[in-house]
Amino acid sequence: MPLFNRTKTPQKRLILLVLLLLYLASLLVGVGVGANRYTAGQVLSGLLNPNSGNLYTIISGVRLPRVLVASLVGVCLSLSGCILQGVMRNDLASPSTIGVTAGASFAGYLLLVAMPHMAHLLPIGAFAGAFATTLLIYALSNQDGVNPARMILSGLAVSAMLGAFNDIIRLFWSENLAGATGFLVGGLGGATWRQLWGILPYALAGLAACLLLPRRLNLLMLGDEVAESLGLHTEAFRLLLIAISSLLAASAVSVAGIISFVGLIVPHIARLLVGSDYHHLFPASVLLGAVTLVACDTVGRVIILPGEMPVSVIMAFIGAPFFLYLLRRKAKKGG
Amino acid sequence: MYFGFEDIHIAYGDKKVLRGLSADFEKGSITALVGPNGCGKSSLLRILSRGVRPQRGTAWLDGRDIRSYRRRELAQRIAVLPQLHSAPGDIDVRTLISYGRYPHLRPGRRPTPKDMARVDAVMAHTGLCQLADQPVASLSGGERQRAWIALAVCQDPEILVLDEPTTYLDVSHQVDVLEMVRRLNREQGITVVMVLHDLNLAARYADRLCAIKDGVLYLSGSPAEVMTDGFLREVFGVTAHVYEDEINGCPYFIPEKVV
């Protein structure tokens with residue numbers, strides 16, 4: 001799989017294998033744990049035996065789609081973050097820190113209000129919003145390379161403004177917003193098979209596009225000038241990257257609303273585990289992103305029984321301190 | 001003529017950096033571009049990798065506008081190394097150099113054994129074999145510069161363009177890097193164009209000096225023709241005494257004061 005980076009490849013494959021096992025384990029736990037707790041045997045019969053009645057309804061009808069939607073959302077946000085960090089050449093970039101998810105969500109609201117009969121096109125509306133926002137942030141923060149402080153601050157300002165617009169829409173047009181629950185509430189509480197099928201094509205398109213990127217993303221990490229000297233059309237490639245990361249972020253936002261920090265933390269830890277080569281970084285982010293969201297959602301489901309804590313809240317509690325830690329480390333390095 | 005620039009104009013906002021610069025370069029030679037800070041040398045070089053588009057004028061290679069080449073095709077012929085570079089911290093020397101094969105790879109295909117052999121050959125030629133598995137970030141300044149030049153050499157370019165390859169290096173590493181560049185030129189026939197700040201080193205290692213002033217090619221010729229006290233006064237604004245280095249057969253100067 002790796003094209004250039006030959007060193008330590010077996011180790012990295014082993015790490016990927018461990019992540020895969022971790023993901024399968026998280027699926028099993030995610031399906032088994034909740035208001036009712038099931039053993040592995042019960043989970044299996046709930047998955048495979050349609051005649052197991054209540055068990056089948058809960059396991060295959062409710063929990064399985066939920067963990068699968070959680071996985072997909074985690075994968076999309078992580079990959080989106082991974083790509084954005086390459087676009088900006090900065091590891092503080094992520095869909096939530098630079099306002100991409102806010103843009104997706106705002107465009108989503110706008111679509112639901114202006115064209116309620118088009119609600120099924122939510123992912124496409126959200127994509128347009130995410131794409132426009134990312135371009136805007138890139139333009140605002142780019143001056144001979146992306147200035148990180150400018151990037152974060154522009155993202156903050158744009159997020160705040162779009163958030164305010166969202167509040168206005170919620171305030172005045174609440175009756176138009178009945179349809180899309182996950183998108184509005186920000187969580188996986190309403191995740192169903194229908195939602196999964198609705199989001200899957202967009203997510204798969206984004207995932208497939210990622211297969212084409214690693215080699216060129218690696219070049220981009222050497223800086224624009226070197227990448228250009230090697231024959232890469234950096235401007236065109238950046239646009240492609242921004243489009244793909246927007247599609248991924250928008251897919252996630254349109255089923256689960258804004259879940260912050262996944263796209264920041266996951267690529268970061270993935271980089272610590274397998275290094276900066278995108279041939280390894282992408283698969284590691286995919287697996288780790290799925291694990292993270294399934295695990296956090298499962299925790300959210302059991303932490304305040306009989307109630308449920310939205311996964312976005314759990315992520316914020318983990319992600320915000322992590323983000324502060326990254327900022328502090330950057331400040332120390334003077335970078 | 002082999003390649004060059006014609007009537008290049010570049011401005012950043014109101015600031016005109018180059019105003020109608022034309023220059024051409026001979027195959028197989030080493031040319032040093034010299035001139036005061038901010039005279040547009042780096043912008044000029046970036047035109048060659050198509051990272052900067054001049055407002056007017058063209059860069060040409062073998063009689064054709066470089067914009068008419070496909071980017072990959074151009075990258076197989078010209079390698080441009082910027083002054084500042086940074087790579088991810090965990091990248092090792094061999095990996096860095098291997099990226100030079102990118103323009104020669106078919107899209108989506110892995111590097112062939114031939115590509116990997118080329119990487120090894122370049123490492124041998126640039127004295128980097130023992131450092132192959134070291135992270136680039138852990139190298140000394142001189143070694144790091146050699147690794148980046150090796151990346152460009154691994155592109156197998158006909159033309160190697162270097163922007164201040166000796167900046168931030170101490171004198172032994174400056175000489176080491178320039179000796180390597182000259183070896184590449186003499187042994188592999190690579191045409192070299194480089195920006196150099198140190199005029200004495202430029203006169204020592206280049207076949208030809210091109211001086212840029214006020215956005216145009218002010219003067220060009222052999223080091224002996226160009227490096228005169230008049231030139232130093234008019235282009236750099238210093239009075240100086242120029243001497244002849246008889247052993248190396250090139251001029252050198254000792255500055256006296258700013259005009």
Side-chain angles (χ1 to χ4, degrees), chain A residues 1-9 11-12 82 85-86 89-91 143-146 148 208-209 211-238 267-268 270-281 284 329 333 335, chain B residues 12 42 45-53 69-105 107-111 115-116 119 132-136 148 151-152 154-155 157 160-161 163:
Chain A
M1 182 178 43
L3 288 157
F4 289 134
N5 206 339
R6 298 193 302 182
T7 50
K8 300 181 206 131
T9 297
Q11 263 160 282
K12 287 171 183 173
C82 221
Q85 293 178 4
R89 289 191 74 208
N90 188 296
D91 57 6
Q143 261 188 344
D144 263 341
V146 167
L211 293 175
L212 306 172
L213 303 177
R215 193 185 278 177
R216 285 179 287 170
L217 261 167
N218 282 345
L219 291 190
L220 200 61
M221 297 320 285
L222 303 177
D224 282 19
E225 287 171 303
V226 172
E228 278 152 9
S229 165
L230 290 167
L232 187 69
H233 192 336
T234 53
E235 274 173 49
F237 185 56
R238 266 219 173 76
H268 210 91
R271 199 171 285 122
L272 288 179
L273 289 176
V274 298
S276 63
D277 184 339
Y278 275 85
H279 291 104
H280 300 123
L281 197 52
R329 216 190 48 177
K333 269 204 254 168
Chain B
Y12 295 108
S42 298
L45 299 190
R46 238 187 130 183
I47 294 173
L48 291 173
S49 56
R50 295 181 54 184
V52 165
R53 186 175 192 162
Y69 288 85
R70 297 180 44 194
R71 279 175 192 266
R72 195 176 281 261
E73 201 186 340
L74 194 64
Q76 291 173 6
R77 303 188 62 180
I78 306 181
V80 183
L81 190 65
Q83 182 186 355
L84 296 174
H85 17 67
S86 68
D90 60 339
I91 228 177
D92 60 43
V93 171
R94 184 200 307 274
T95 305
L96 179 73
I97 296 173
S98 68
Y99 286 129
R101 296 313 296 165
Y102 176 76
H104 299 274
L105 298 181
R109 294 294 177 80
R110 291 166 180 239
D115 288 310
M116 296 327 283
V119 173
D133 296 323
Q134 300 280 322
V136 177
W148 281 92
L151 160 72
C154 199
Q155 259 174 273
L160 179 62
V161 180
D163 192 354

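Everything numeric in this text was worked out from a predicted model, so none of it was measured. In what follows, every chain begins at residue 1, and chains take the letters A, B, ... in the order their sequences are listed.
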Legend entry - T234(A) versus chain B, the contacting section by heavy-atom distance below 4.5 Å: neither

Legend entry - Engaged part of L232(A) at the chain B interface, taking heavy atoms whose separation is under 4.5 Å: both

Inset, instruction - Sort I78(B) into side chain, backbone, both or neither according to what part of it lies under 4.5 angstrom from a heavy atom of chain A. - result: backbone

Inset, instruction - Starting at CZ of R271(A), measure out to CG of D90(B) and round the result to the nearest 0.5 Å. - result: 9.0 Å

Inset, instruction - Measure across L230(A) and G100(B) and return the closest heavy-atom pair with its distance rounded to 0.1 Å. - result: CD2-CA, 3.8 Å

Inset, instruction - For residues R46(B) and E228(A), determine if any side-chain heavy atom of one lies less than 4.5 Å from a side-chain heavy atom of the other. - result: yes

Legend entry - Considering all heavy atoms, the nearest R215(A)-L105(B) contact: NH1-CD1, 3.5 Å

Legend entry - Side chains of S86(B) and R89(A) in contact at under 4.5 Å (non-hydrogen atoms): yes

Inset, instruction - Please examine the side chains of Y99(B) and V226(A), heavy atoms only from C-beta on, and report whether any two atoms are closer than 4.5 Å. - result: no

Legend entry - Side-chain touch L222(A)/I91(B), heavy atoms, less than 4.5 angstrom: yes

Legend entry - Under the side chain to side chain contact (heavy atoms under 4.5 Å, CB included) test, residues paired with A79(B) that sit two or more places apart: S229(A), A152(B), Q155(B), P157(B), L160(B)

Inset, instruction - Count the heavy atoms belonging to other residues, nucleotides or ligands that lie under 6.0 Å from CD of E235(A), then report whether that count exceeds 12. - result: no

